[in-house]
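Written below as structure tokens is the structure these notes are about.
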Amino acid sequence: MSEFRSHMDQALDEARAAAARGEVPVGAVVVAPDGRVVAAAGNRTRELNDPTAHAEVLALRTACALVGSERLPDHDLYVTLEPCPMCAAAISFARIGRLYYGAEDPKSGGVAHGARVFAHAQCHHVPEVYDGIGAEEAARLLQEFFAGRRG
């Protein structure tokens, strides 16, 4: 077994890039079982006029295309914010092995808050979930982004 290495810094870089594009600063990275980053994305809902273009969905789409399968068993997903219900369902459908996320999302989350997608009997696959990784930086990026919008 190899030593654990977090890829949250790269997810945070994707979140910063999303903010620079005027998108909500959320970033995601998919890591293959051998430790290689196979996909990285930030939110692009506004740019693509697509409500499903969340960082997680974009990263999962890219990784699945690369692997040639709709499933990513034993892959890890790092995301800067607790996934929403849509993204949590996509994570389950993709059979992600481990989900690491940063900031919690009491308003729109779908893992520890709100819908709690993985807790439902209808959820066919539940990844291992690790929260709070890079949470302070992820929360700061979101707070600064929204403060700039309100100010």
Side-chain angles (χ1 to χ4, degrees), residues 1-19 21 23-45 47-48 50-143 145:
M1 175 123 177
S2 62
E3 183 178 317
F4 173 77
R5 176 177 173 249
S6 175
H7 293 271
M8 191 58 78
D9 285 344
Q10 189 172 352
L12 287 164
D13 287 344
E14 291 292 336
R16 288 183 199 97
R21 293 190 302 272
E23 302 276 358
V24 174
V26 178
V29 174
V30 178
V31 180
D34 66 5
R36 283 179 307 115
V37 171
V38 293
N43 277 356
R44 292 186 182 273
T45 59
E47 176 185 339
L48 300 176
D50 180 353
T52 70
H54 290 196
E56 302 95 314
V57 170
L58 295 174
L60 290 172
R61 285 177 183 160
T62 299
C64 286
L66 185 72
V67 170
S69 173
E70 78 280 13
R71 298 202 173 147
L72 299 166
D74 301 318
H75 285 65
D76 297 343
L77 176 66
Y78 290 82
V79 62
T80 58
L81 181 64
E82 175 184 349
C84 73
M86 174 186 72
C87 291
I91 290 163
S92 177
F93 294 153
R95 305 298 195 260
I96 286 291
R98 284 161 301 282
L99 166 65
Y100 300 90
Y101 71 84
E104 60 180 20
D105 189 353
K107 182 180 172 194
S108 302
V111 177
H113 299 89
R116 295 187 174 137
V117 170
F118 301 141
H120 289 265
Q122 295 85 355
C123 184
H124 299 297
H125 171 78
V126 177
E128 294 174 33
V129 177
Y130 303 92
D131 63 355
I133 298 172
E136 289 179 20
E137 175 67 8
R140 187 185 63 72
L141 286 170
L142 288 157
Q143 289 163 353
F145 178 81

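The structure displayed is predicted, hence computed values, not measured ones.
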Which heavy atom in [X] sits nearest to a heavy atom in [Y], and how many Å separate them?
{"X": "E23", "Y": "T45", "value": "OE1-N, 3.1 Å"}
{"X": "T52", "Y": "R61", "value": "OG1-NH2, 3.2 Å"}
{"X": "A59", "Y": "A41", "value": "N-CB, 3.8 Å"}
{"X": "G110", "Y": "A88", "value": "O-CB, 4.0 Å"}
{"X": "G42", "Y": "E14", "value": "N-OE1, 3.5 Å"}
{"X": "V79", "Y": "M8", "value": "O-CE, 3.4 Å"}

Minimum side-chain heavy-atom gap [X]-[Y] below 4.5 Å:
{"X": "R16", "Y": "P25", "answer": "no"}
{"X": "I91", "Y": "P83", "answer": "yes"}
{"X": "V31", "Y": "V38", "answer": "no"}
{"X": "R44", "Y": "D50", "answer": "no"}
{"X": "V30", "Y": "V37", "answer": "no"}
{"X": "Y100", "Y": "D76", "answer": "yes"}
{"X": "S92", "Y": "V126", "answer": "no"}
{"X": "V129", "Y": "V111", "answer": "yes"}

Where the side chain of [X] meets the backbone of [Y], is there a donor-acceptor pair that is under 3.5 Å apart?
{"X": "N43", "Y": "V24", "value": "yes"}
{"X": "Q10", "Y": "V29", "value": "no"}
{"X": "E82", "Y": "H113", "value": "yes"}
{"X": "T80", "Y": "G27", "value": "yes"}
{"X": "H120", "Y": "A115", "value": "yes"}
{"X": "H125", "Y": "I96", "value": "yes"}

State the [atom1]-[atom2] distance between [X] and [Y], to the nearest 0.5 angstrom.
{"X": "D105", "Y": "L142", "atom1": "CG", "atom2": "CG", "answer": "8.0 Å"}
{"X": "K107", "Y": "C84", "atom1": "NZ", "atom2": "SG", "answer": "13.0 Å"}
{"X": "F93", "Y": "L72", "atom1": "CZ", "atom2": "CG", "answer": "14.0 Å"}
{"X": "H124", "Y": "Q122", "atom1": "NE2", "atom2": "CD", "answer": "8.0 Å"}

- Apply the test side-chain contact (heavy atoms from CB on, under 4.5 Å) to residues E128 and Y130: give CA-CA distance (whole Å), side-chain angles for both, the deciding distance (0.1 Å), then the verdict. CA-CA 7 Å; E128 294 174 33; Y130 303 92; 2.4 Å; yes
- Dump the intermediate steps for side-chain contact (heavy atoms from CB on, under 4.5 Å) on C87 and V57, then the final yes or no. CA-CA 6 Å; C87 291; V57 170; 3.9 Å; yes
- Item | Neighbour count above 12 (heavy atom, 6.0 Å) for E136 CD | no
- Anything under 30° is parallel, anything over 60° is perpendicular, the rest tilted; go ahead and classify H7 against Y78.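 Perpendicular, since the angle between the ring planes exceeds 60°.
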